[in-house]
Peer 1: 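The structure follows.
As the structure is a computational prediction, the values presented were derived from the model and not from experiment.
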Amino acid sequence: MAGRRERRRRRWASGRQREILSRPVLRGPKPGRWTRYAQFDRPNWIAVVVGLAVGGALLAIGIDEWHDHYLLEARGVVTTGRIVEVQGGKRTSLTVQFTTAAGDEVTAEVIDPSASTKQEEGAPITLRYDPQAPDRVADVKDDVAVGSRWLLVAAGGALLAGTGWAAWRLVSARTGRARGRGRAPR
């Protein structure tokens with residue numbers, strides 16, 4: 001097995017090293033065994049990594065919101081509270097104050113309240129809270145939040161599926177196994 005110096009000496013002797021160094025512009029990493037084999041293209045792989053990260057984050061957030069919804073439906077207690085503060089923007093948020101069945105005064109935040117809820121400070125609101133974690137609160141009529149949960153889960157799943165497909169295409173095109181026939185994609 002020849003060492004690095006021996007391989008370099010052989011490349012100089014054969015003229016391959018002069019050819020490599022005489023190229024006007026080297027794009028990407030220095031040509032080597034791995035880059036010649038896989039034709040490594042860094043921007044494509046960066047896009048795959050970013051797609052997997054964003055898709056995974058969207059899916060995790062959506063699943064977490066569904067989990068909170070499930071817990072509130074399963075063991076939630078319905079009570080009436082009072083709106084303390086209203087924050088507008090892309091997602092409306094209400095700061096509410098209510099008393100639990102145990103008599104504790106709790107201040108919590110309701111994200112995406114129902115469109116039919118009167119969103120004024122001091123207005124009453126019907127809430128569902130988790131007795132084991134009283135700061136987990138939702139509007140009883142959470143019709144807006146259902147849409148955002150579906151959107152997060154569907155977008156995250158679609159982004160992960162699309163990115164996985166793109167990564168498969170990159171790997172199969174680089175290794176010459178695209179479309180199962182041993183040729184590169186068109």
Side-chain angles (χ1 to χ4, degrees), residues 19-21 23-76 85-96 108-117 119 125 127-130 132-186:
E19 175 199 342
I20 290 172
L21 294 176
R23 293 179 186 160
V25 176
L26 288 176
R27 184 169 169 251
K30 184 176 178 183
R33 189 172 68 185
W34 165 251
T35 56
R36 278 195 308 264
Y37 170 71
Q39 298 173 356
F40 186 78
D41 192 9
R42 189 169 290 143
N44 288 341
W45 287 104
I46 289 172
V48 167
V49 169
V50 168
L52 289 174
V54 171
L58 287 174
L59 191 62
I61 291 169
I63 289 172
D64 184 53
E65 287 191 18
W66 273 108
H67 181 258
D68 285 350
H69 175 73
Y70 170 75
L71 288 178
L72 286 174
E73 287 292 322
R75 63 181 184 216
E85 186 181 357
V86 178
Q87 292 108 12
K90 283 189 172 183
R91 294 182 84 177
T92 305
S93 173
L94 304 175
T95 304
V96 297
E109 189 173 15
V110 176
I111 298 174
D112 284 340
S114 173
S116 62
T117 301
Q119 298 177 10
I125 183 170
L127 304 167
R128 184 183 312 267
Y129 74 94
D130 185 359
Q132 295 177 6
D135 59 331
R136 183 179 290 147
V137 176
D139 192 353
V140 170
K141 304 170 282 203
D142 66 344
D143 53 350
V144 177
V146 171
S148 67
R149 284 190 294 264
W150 273 112
L151 181 66
L152 285 169
V153 170
L159 191 58
L160 282 176
T163 305
W165 177 79
W168 174 79
R169 294 284 297 173
L170 278 173
V171 170
S172 64
R174 303 296 188 240
T175 58
R177 291 191 306 236
R179 298 189 186 158
R181 294 185 186 87
R183 64 179 187 211
R186 295 175 203 199

Peer 1: Looking only at heavy atoms, what is the nearest atom pair of Val48 and Ala167, with distance?
Peer 2: CG1-CB, 3.8 Å
Peer 1: If you round to the nearest 0.5 Å, how far is OH of Tyr70 from CZ of Arg149?
Peer 2: 14.0 Å
Peer 1: Rounded to the nearest 0.5 Å, how far does NZ of Lys141 lie from CD1 of Ile125?
Peer 2: 8.0 Å
Peer 1: Going by the rule side-chain contact (heavy atoms from CB on, under 4.5 Å), which residues pair with Val49 if we only count those two or more places apart in sequence or in a different chain?
Peer 2: none
Peer 1: Taking side-chain contact (heavy atoms from CB on, under 4.5 Å) as the criterion, tell me which of Val110, Val137, Asp135, Val96 meets it with Tyr129.
Peer 2: Val137
Peer 1: Could you measure the distance from the CG atom of Asp139 to the CD1 atom of Ile111? Nearest 0.5 Å is fine.
Peer 2: 12.5 Å
Peer 1: The criterion is side chain to side chain donor-acceptor pair (under 3.5 Å); which residues satisfy it with Asp130, sequence neighbours excluded?
Peer 2: Arg75, Arg136
Peer 1: Partners of Thr163 by side chain to side chain donor-acceptor pair (under 3.5 Å), sequence neighbours excluded?
Peer 2: none
Peer 1: Could you walk me through whether Leu59 and Val153 pass the side chain to side chain contact (heavy atoms under 4.5 Å, CB included) check?
Peer 2: CA-CA 5 Å; Leu59 191 62; Val153 170; 4.1 Å; yes
Peer 1: As an exercise, state the distance from CD1 of Ile63 to CG of Asp68, rounded to the nearest 0.5 Å.
Peer 2: 12.5 Å
Peer 1: Within the structure provided, determine whether Thr95 and Gln87 are in side-chain contact (heavy-atom separation under 4.5 Å).
Peer 2: yes
Peer 1: Give me the atom names and distance for the closest heavy-atom approach of Gln119 to Pro113.
Peer 2: NE2-CG, 3.5 Å
Peer 1: With sequence neighbours excluded, what pairs up with Ile61 under the side-chain contact (heavy atoms from CB on, under 4.5 Å) test?
Peer 2: Glu65, Leu152
Peer 1: Could you pull out the closest heavy-atom pair between Ala138 and Leu72, with the gap in Å?
Peer 2: CB-CD1, 3.5 Å
Peer 1: Can you list the residues that meet the side chain to side chain donor-acceptor pair (under 3.5 Å) rule with Glu109, with sequence neighbours excluded?
Peer 2: Ser93
Peer 1: Does Leu127 reach the side chain of Val140, with side-chain heavy atoms less than 4.5 Å apart?
Peer 2: no
Peer 1: Let me confirm one number: the CG-CG distance from Leu58 to Leu151, rounded to the nearest 0.5 Å.
Peer 2: 8.5 Å
